[in-house]
Protein chains: 2
Amino acid sequence: MSLPYAILTALLEKPSSGLELTRRFDKSIGYFWSATHQQIYRELGKLEESGAIRALPGPRQPTRGQKKEYEVLPAGRDELAAWVARIEDPKPIRDTLLLRLRAAGVVGTEGLEAEVRRHLALHRAQLAEYRAIEERDFGEGGKSEADRLRHLVLRAGIDLERFWIGWLETARAELADLRAGAAADTRTGPPATA
Amino acid sequence: MSLPYAILTALLEKPSSGLELTRRFDKSIGYFWSATHQQIYRELGKLEESGAIRALPGPRQPTRGQKKEYEVLPAGRDELAAWVARIEDPKPIRDTLLLRLRAAGVVGTEGLEAEVRRHLALHRAQLAEYRAIEERDFGEGGKSEADRLRHLVLRAGIDLERFWIGWLETARAELADLRAGAAADTRTGPPATA
DNA sequence: CTTCTTTATGCAACTTGTTGCACAAGGCGC
DNA sequence: GCGCCTTGTGCAACAAGTTGCATAAAGAAG
């Protein structure tokens, strides 16, 4: 499980409350590890119980509805450092569009082209967003180690979007070609291979 | 949820038993949608109950330990066709290595370089495997619609591995550079930016 | 014929992630 | 003061995925 480590990283970057973490996950960390506020609160509770983090002493004892900030304890930092070097195999992707393309091979491509075009637009928008972040946050040189590593992660996001855009363009062309072939079939009859 | 549709696709390609499906998932479909035999058996039960598939009548009434083959019914095929055209947004990736790189920004890169190299080797091996499949199954032209779509899916796998290999090479170089910088610091003292 | 292995199906418990909602405190408008 | 919105924490139920194990039949090994 990686969520606790994502939370420890975020808290080391800056001590925060549950809701603040949720917002930060929505922005930066969530681009490659998303989490809802429920998951985050649950995990914060576990981390506090296990002694990896602790609540910062606030003006009054926090009850329900009161902000509660956390900071990482040395034990939590050690766990995170150990996790960074841990051996863990990459997991295969899980993408429904690939699955749907395969399904289209047996039930037909009806409606798939529109969905491919829609995904293409979404990935192009995401790429533009990443590029804007890159220009804003990593414009000139003279960066710290943490900055260079964050930039590296961002470049993974950028390259990944580029991969999707390239592949989706191929897919769109292929689907258009199949459609043209199918239209020809209705005029001339199916080819011998069908 | 996509697993039932993955199973319907596999069963349309060829009626199978639970264990056969598991093996086929391990080979081809599992490259982008993996599933354990438990998930598959559970889902087969649900699909049979909902009338999307049915057990093929075998030599005797199958009990526990006896092979039980399924085929897709028209209702299941219709559901699958509707799913192919469904609007569904792409989900962001979840990759622990990216997360660990980010964590390394706050706790140090100790041990990460070895893990990056290991992943690089794994992705190179996976790429070689995909390329072998491509040559074996999609060598010459004259392909059916289903074949062309399967090839398209395989090319996504190939391009994705290429993306990882390219990015991991960049990451390895960056980590080596950071390590060299840190080594220099121990001799000359940290730079003013630290 | 008994035991062991392989093939095959499946239950139960657990972990992880999602969805919907409840509840508390504080600020704002009137 | 009273209603309402925002901020903030959290429970409960569900859905999806994982792990470990139980069970049954069939064939091979002795």
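Owing to the predicted nature of the structure, the values given are computational and were not obtained by experimental measurement. Quick note on labels: first sequence line is chain A, next is B, and so on, each numbered from 1. Atom set for the values below is all heavy atoms of this structure, side chains included, hydrogens, waters and symmetry mates excluded.
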| Atom-to-atom span, CG of A:L19 to C1' of C:dA25 - whole angstrom | 14 Å

| query | In whole Å, what is the span from the CD atom of B:Q39 to the P atom of D:dA15? | reply | 15 Å

| B:S16 and B:R24: side chain donor to acceptor below 3.5 Å | yes

| task | Rounded off to whole Å, could you give me the OH-to-P distance for the B:Y41 and C:dT7 pair? | result | 12 Å

| field | Over 12 foreign heavy atoms within 6.0 Å of CD, A:E71 | value | yes

| field | No-H, no-angle donor-acceptor pair, B:H37 side chain to C:dG10 base, under 3.5 Å | value | yes

| task | Can you tell me the distance, in whole Å, between the CD1 atom of A:I40 and the P atom of D:dG10? | result | 13 Å

| field | A:R131 atom CZ, neighbour heavy-atom count above 12 within 6.0 Å | value | no

| query | Can you check the A:L3 CG to D:dA16 P distance for me, whole Å? | reply | 20 Å

| Rounded to the nearest Å, what distance is computed from the CZ atom of residue B:R42 to the C1' atom of nucleotide D:dA15? | 9 Å

| Donor-acceptor pair (no angle test) under 3.5 Å: A:Q38 side chain, C:dG17 base | no

| field | Residues A:D26 and A:R23 bridged, charged N to O under 4.0 Å | value | no

